[in-house]
Amino acid sequence: TLDLRIQTVAEQIVAQRVAEVRQKHNLNNAALVAINPNTGEVLAMVGSVDYNDRAIDGNVNVIMSQQQPGSTMKPLTYAAAMEVGWLPSDILWDVPVQFKSATETYVPRNYDGRFHGPVRIRDALASSYNIPAVLMLREIGVPALLDYARRVGIQSLGDDASLYGPSLTLGGGEVTPLEMAAAYAAFANGGRKVTPVFISKVTDLNGKMLYAAPSGLGDQAVDPRIAYLISDILSDNNARTPAMGANSELRLDFPAAVKTGTTNDFRDNWTIGYTPHLAVAVGAGNTYNTPMAEGTSGLIG
């Protein structure tokens with residue numbers, strides 16, 4: 001299913017961007033996958049910046065490797081919340097909170113180190129504030145998020161809610177970039193589950209069909225109204241301006257939804273974007289999970 005033109009461009013972009021930021025941000029690897037949200041066809045897959053580079057284990061396909069997704073989990077959390085009645089205009093409080101368990105106390109922090117008081121869900125998601133997302137997961141519960149993730153094709157998290165706490169919405173579990181690309185593709189196509197397809201058909205020398213792939217477009221997994229609302233929020237430049245600025249790298253000259261994510265200690269960066277015709281997930285970081293430079297985010301690499 002690979003589209004040679006898209007594949008070539010993807011390889012060039014990944015190599016060029018890593019070369020640009022490698023020294024300043026201590027970043028040596030990146031991967032990219034592009035999916036057609038309406039068919040599930042994988043149009044491009046770049047597993048690493050250089051397959052032959054042994055120093056970065058370049059022959060490991062990062063797209064198939066489990067990584068912490070950072071804040072790219074937040075849209076899934078808010079979509080699950082909308083299923084039980086929450087709306088983009090509802091208010092959450094971005095204030096200091098603590099979550100105590102028998103063994104530890106978890107204190108979520110925002111990326112900018114500030115608190116923003118009462119914020120609408122639209123603004124909390126678009127500006128990627130951590131505390132409202134954690135509060136929202138507390139409201140709906142971890143099982144609801146795991147159920148939503150399964151419905152849109154994420155299997156890596158499993159179904160045992162006891163393995164996770166409130167940080168799950170901030171990327172406190174491990175998934176593959178391919179799974180996340182498919183999950184976002186469901187937002188792009190109006191809520192239908194997407195199963196990635198790699199081989200469309202196989203024929204013999206005479207053209208006889210030996211195998212034809214089933215459609216990667218599955219059943220309705222998400223209410224189309226919710227898919228629309230999440231897409232509208234993720235493409236709302238005004239709503240993300242307080243955190244990212246009015247003219248960030250996420251602002252394009254055509255409508256597109258996008259979400260970034262950064263994991264603890266700057267070990268992984270994610271950017272997932274989509275239109276109705278294309279969903280792309282990019283993961284960047286260092287081999288052996290060593291940290292990038294402090295302050296590196298999905299806006300950079």
Side-chain angles (χ1 to χ4, degrees), residues 1-36 39-70 72 153-156 171 174-185 194-203 211 213 216 249 258 260-274 278-301:
T1 61
L2 292 185
D3 182 307
L4 183 59
R5 179 182 63 86
I6 298 176
Q7 177 70 24
T8 300
V9 169
E11 292 176 5
Q12 292 172 346
I13 289 174
V14 168
Q16 176 182 336
R17 188 57 179 162
V18 170
E20 290 172 351
V21 304
R22 184 190 302 268
Q23 185 171 0
K24 180 178 180 181
H25 295 282
N26 187 35
L27 189 159
N28 66 28
N29 203 4
L32 180 153
V33 62
I35 294 178
N36 182 335
T39 65
E41 293 176 331
V42 176
L43 304 178
M45 178 180 287
V46 183
S48 73
V49 70
D50 184 352
Y51 180 89
N52 296 307
D53 188 344
R54 293 186 178 181
I56 63 168
D57 278 353
N59 61 344
V60 174
N61 187 351
V62 176
I63 294 302
M64 300 290 200
S65 303
Q66 292 185 8
Q67 315 282 336
Q68 288 194 338
T72 60
I154 296 175
Q155 302 298 325
S156 296
E174 292 188 342
V175 297
T176 70
L178 183 63
E179 287 177 313
M180 292 301 285
Y184 275 63
V194 173
T195 300
V197 176
F198 298 91
I199 297 174
S200 57
K201 64 180 179 180
V202 178
T203 63
Y211 168 80
E249 290 84 349
V258 63
T260 62
T262 304
T263 61
N264 289 341
D265 300 323
F266 306 100
R267 296 182 187 276
D268 292 286
N269 279 342
W270 293 62
T271 304
I272 308 177
Y274 60 91
L278 187 68
V280 180
V282 178
N286 288 325
T287 308
Y288 312 121
N289 208 29
T290 56
M292 297 170 286
E294 185 170 345
T296 305
S297 74
L299 295 175
I300 296 168

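Owing to the predicted nature of the structure, the values given are computational and were not obtained by experimental measurement.
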Val258 side chain reached by Thr271 side chain, heavy atoms, under 4.5 Å: yes
Is any side-chain heavy atom of Val46 closer than 4.5 Å to a side-chain heavy atom of Val282? no
For Val62 against Pro177, the heavy-atom pair lying closest together: O-CD, 3.4 Å
Under 3.5 Å donor-acceptor, Trp270 side chain and Thr263 backbone: no
Verify, without hydrogens or angle tests, whether Asn269 (side chain) and Thr262 (backbone) share a donor-acceptor contact under 3.5 angstrom. no
4.5 Å side-chain heavy-atom contact, Glu11 and Leu32: no
Please report the shortest heavy-atom distance between Val60 and Ser65, naming the atom on each side. CG1-OG, 3.8 Å
Quick one, Tyr184 and Thr72 - any side-chain contact, counting heavy atoms below 4.5 Å? yes
Which residue is it: Glu174, Gln67, Met180, Gln66? I am looking for the one with a side chain to side chain contact (heavy atoms under 4.5 Å, CB included) to Ser156. Gln66
Counting C-beta onward and ignoring hydrogens, is there a side-chain heavy-atom pair between Glu41 and Asp3 closer than 4.5 Å? no
Considering all heavy atoms of both residues, which atom of Ile272 and which atom of Ala281 are nearest to each other, and what is their separation? CG1-CB, 4.0 Å
Grab the two heavy atoms, one from Met45 and one from Asn61, that are nearest each other, plus how far apart they are. SD-ND2, 3.3 Å
Taking the side chain as every heavy atom from C-beta outward, state whether Thr176 and Met64 have any pair of such atoms under 4.5 Å apart. no
How many angstroms lie between atom CD1 of Ile199 and atom OG1 of Thr1, to the nearest 0.5 angstrom? 8.5 Å
